[in-house]
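Every heavy atom of this structure was used, including side-chain atoms; hydrogens, water molecules and symmetry mates were not. Remember, it's 1-based here, ligands and their atoms both numbered in the order they're listed.
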Amino acid sequence: MKENDIKKYYNQRINQYRKHNKLYFDKSSPKISDKEYDQIKRDILDLEKQYSYLNSNLSPSNSLGFTPSKNFIKSSHRVKMLSLSNAFDLEDLKNFEKKIFNYLNKKIDIEYSVEPKIDGISASLTYKDGMLVLGTSRGDGTIGEVITKNLKTIDDIPQKINSKDFPNDIDIRGEVFIKKSDFNNLKNNFANPRNAASGSLRQKNPEQTKKIPLNFVAYTYGYFESKTIKKQSEFLRSLKKWGFKTSEHNKVLKNINDIENFHKKFEKDRFDIEYDIDGLVYKINSLELQKRLGFTANSPRWAIAHKFSADSAYSEIKDINIQVGRTGALTPVARIKPVNIGGVIVSNATLHNEDEIIRKDIRLGDTIKIERAGDVIPHVIHVDLKKRNKNSKKFIFPVNCPSCGSETIKEFNKTTNKHDAVRRCINEGFDCEKIAIERIKHFISKDAMNIDGLGKKVVENFWDLNLIRFPQDIYNLNYKKISNLEGWGDLSVSNLKYSIEKSKKVSLDKFLYAIGIRHIGIENAKLLAEYVKTIKNFSNFVNKNKLNDLLNIDGIGETQINSLKKFFNNKSNYKVIEKLSSILSISDLKLNKAGKLLNSTFMFTGKLSNMSRAEAKSLIEENSGSVVSSVNKKLNYLIIGEKPTTRKVQQAQELGIKVLSQKEWLNLLD
Ligand code: IVH
């Protein structure tokens with residue numbers, strides 16, 4: 001990449017960092033996961049390391065946290081509110097100790113105060129002569145926001161302290177957080193309990209703060225001159241004596257191995273604790289040693305946060321439900337005790353299929369390890385057998401469809417000579433309620449008829465109100481009834497009418513995909529459409545029992561043909577296609593063989609603005625280009641949107657592939 005492009009990419013990342021900082025800290029409503037946020041930060045730091053000419057005042061290397069909001073009066077912290085460096089594994093912990101030994105120039109036995117890292121937001125409380133006189137947020141670490149009134153609404157924060165040994169001038173610091181059970185009532189407004197706590201604490205009006213039950217746990221001090229207290233653990237004990245809440249999980253441990261074992265156990269138990277904890281904090285217990293070690297720019301040398309995995313967590317299975325999909329597949333889903341995985345509250349995990357349940361012997365009430373990484377649906381890694389209840393019984397998978405009661409089967413796969421892992425409802429048409437609903441959802445989806453304004457939830461709602469039973473019912477909706485429904489106004493009804501009307505013009509490939517024949521995905525639908533050319537011809541293949549002829553199409557095999565036969569053997573499917581053909585205007589597939597993008601391949605990374613991926617793909621294909629799904633030598637252009645995957649951009653650069661912004665790409669098309 002040229003220097004200019006690198007600068008452009010760097011600035012893009014800085015802007016994203018600023019935007020998400022604002023959403024996270026100021027608005028308390030992040031739009032990305034913690035992991036994605038950390039990735040942006042890491043990218044910026046990596047780029048700065050690689051290219052020395054990159055720098056910005058707004059880079060995470062030059063700023064801590066966020067700028068205090070204009071909504072509050074600001075106040076300088078007498079002692080900075082720093083952050084902690086992170087450790088993710090034993091190696092990091094050993095390195096942490098090694099650095100301490102190097103700094104002290106000798107190896108010593110270190111005693112640690114081990115404390116849970118409560119996932120809330122920190123606050124500093126200044127007490128003078130036993131009275132709470134000032135309460136601030138962390139702000140950028142140097143300057144915080146004055147939120148005394150809001151903090152005073154929290155029951156755990158004493159406003160007057162009478163203990164004789166309470167220092168006459170001290171900043172007490174700790175974490176403001178919300179319990180998981182209280183978050184439950186707020187989950188529609190906030191992504192996780194920490195954002196709820198932050199949002200509530202930083203309300204302009206303290207009356208609003210009062211409405212949300214906040215808690216406070218104290219763990220350290222800012223300004224404080226102690227003569228008698230020699231250890232962090234003693235300080236924690238004093239806090240309790242003075243009337244502050246401290247964590248009941250605090251303890252003192254001596255060596256890294258004990259710490260590692262404690263961390264492992266805690267990580268397994270944390271879902272059962274009534275508030276979110278995202279790691280453990282280890283602080284050298286001796287305050288004298290802490291003083292000697294001091295601070296680096298952003299964090300103390302004497303403490304480290306040992307984070308829990310941001311991809312996985314333990315939880316307990318409360319229930320197992322069986323979902324019925326569009327093609328009749330029965331998918332078991334575990335309803336679990338909600339757990340925070342890297343900032344996202346997970347309460348369901350897929351169990352994939354019957355075989356997976358048998359293989360992993362997953363049972364109701366089990367404690368399980370769940371993984372949630374990237375866009376992958378949360379799933380079970382393994383069962384913690386040590387925690388299994390003696391009386392637990394194997395899970396019995398239903399043999400009848402839970403939706404329509406029909407028989408279910410596991411198909412025999414001739415190629416693998418094995419039965420399918422997936423159990424399916426044998427219902428092929430619209431007689432099974434769940435299958436019918438899922439088929440209608442598929443019909444309206446982006447890659448199919450693309451009826452925006454008719455999302456999945458609306459389909460479910462319309463189904464419940466008996467407004468739709470078949471895809472064709474979408475074109476004969478009772479708009480009068482809809483406009484009287486809650487949440488529907490004149491504008492949304494007319495938008496809905498418009499997008500339904502617009503969808504009536506559809507190309508043959510999209511239509512063949514939309515009707516939802518098993519094994520006929522977008523690509524196969526395209527192959528079929530290219531071959532049969534018109535809907536009339538397609539009907540002929542079906543009506544004249546000539547579906548076998550379609551085996552001539554390169555890419556269409558027996559699986560697809562058998563699926564087509566099965567589909568059209570069903571009367572209700574046949575009727576639906578007939579009805580739809582009379583309502584819709586199905587155009588022949590027009591392939592532009594001489595478009596501007598002929599012989600060019602494209603790939604996207606990141607979110608495009610004002611355009612879905614499906615639309616962008618269609619645009620490329622209409623202009624004779626094609627879209628591929630991996631970065632390799634055959635790729636000509638990588639189009640980057642917002643939040644691109646850095647790995648893909650780097651791979652492309654290494655292979656000399658042209659990297660385009662969305663604007664540059666659209667310019668190619670005029
Ligand atoms: S000590 C200089 N102790 O973690 C030491 N922090 O990244 C600063 N936190 O901003 C803090 N539990 O919000 C400390 N037991 C604990 C903590 C804790 C949670 C948070 C705190 C801080 C962040 C550090």
Side-chain angles (χ1 to χ4, degrees), residues 24-25 28 34 37-38 41 60 63-66 68 77-88 92 96 112-125 135-145 147 151 156 171-178 192-195 197-198 201-202 214-224 231-233 235-237 239-240 244-253 259 262-263 266 270 273 275-285 287 289-291 293-308 310 340 343:
Y24 181 104
F25 290 112
S28 302
D34 290 7
Y37 176 77
D38 283 344
K41 250 165 67 173
S63 62
L64 229 186
F66 74 115
H77 299 302
R78 292 192 283 184
V79 173
K80 268 192 178 187
M81 286 182 88
L82 294 177
S83 83
L84 293 167
S85 51
N86 289 329
F88 296 96
D92 293 346
F96 166 69
Y112 290 99
S113 169
V114 176
E115 304 163 19
K117 186 171 185 301
I118 302 173
D119 196 7
I121 61 163
S122 48
S124 185
L125 310 167
T136 51
S137 71
R138 176 173 164 208
D140 64 2
T142 306
I143 298 171
E145 301 149 326
I147 48 166
L151 286 164
D156 295 341
D171 299 331
I172 304 285
R173 290 179 177 172
E175 205 75 357
V176 175
F177 62 95
I178 181 169
N192 55 43
R194 184 194 49 214
N195 300 127
S198 163
L201 188 59
R202 297 173 62 256
L214 293 172
N215 306 270
F216 181 78
V217 156
Y219 49 65
T220 195
Y221 50 83
Y223 177 84
F224 173 45
K231 289 181 175 183
Q232 163 71 7
S233 51
F235 179 71
L236 290 171
R237 265 199 302 276
L239 280 171
K240 210 167 162 188
F244 291 94
K245 288 232 167 90
T246 53
S247 170
E248 66 272 36
H249 304 286
N250 292 340
K251 59 183 342 191
V252 173
L253 287 174
I259 282 180
F262 182 66
H263 186 271
F266 213 93
R270 76 175 170 112
I273 296 175
Y275 45 85
D276 276 341
I277 291 170
D278 62 339
L280 292 173
V281 182
Y282 312 138
K283 300 173 184 169
I284 289 188
N285 208 12
L287 299 188
L289 250 185
Q290 285 193 9
K291 216 168 175 177
L293 286 161
F295 302 86
T296 64
N298 287 342
S299 54
R301 284 195 192 86
W302 43 265
I304 195 155
H306 189 184
K307 300 290 282 271
F308 295 136
N340 188 331

If every non-hydrogen atom of P116 is compared with every non-hydrogen atom of L280, which pair is closest and at what distance? CA-CD2, 3.8 Å
Run the side-chain hydrogen bond (donor to acceptor under 3.5 Å, both in side chains) test against R78 and tell me which residues pass, sequence neighbours left out. D169, D171
With hydrogens left out, which residues have an atom under 4.0 Å from ligand 1, given that only heavy atoms count? L82, S83, L84, E115, P116, K117, I118, S122, R138, E175, Y219, V281, K283, P300
Hits for side-chain hydrogen bond (donor to acceptor under 3.5 Å, both in side chains) against E175, two or more places apart or cross-chain, chain-then-number order -> Y219
Set of side-chain hydrogen bond (donor to acceptor under 3.5 Å, both in side chains) partners for S247, sequence neighbours left out: none
Does one side chain, of N340 or N192, offer a donor that lies under 3.5 Å from an acceptor on the other? no
Distance col, row I277:CD1 vs F266:CZ, nearest 0.5 angstrom, shows 4.0 Å
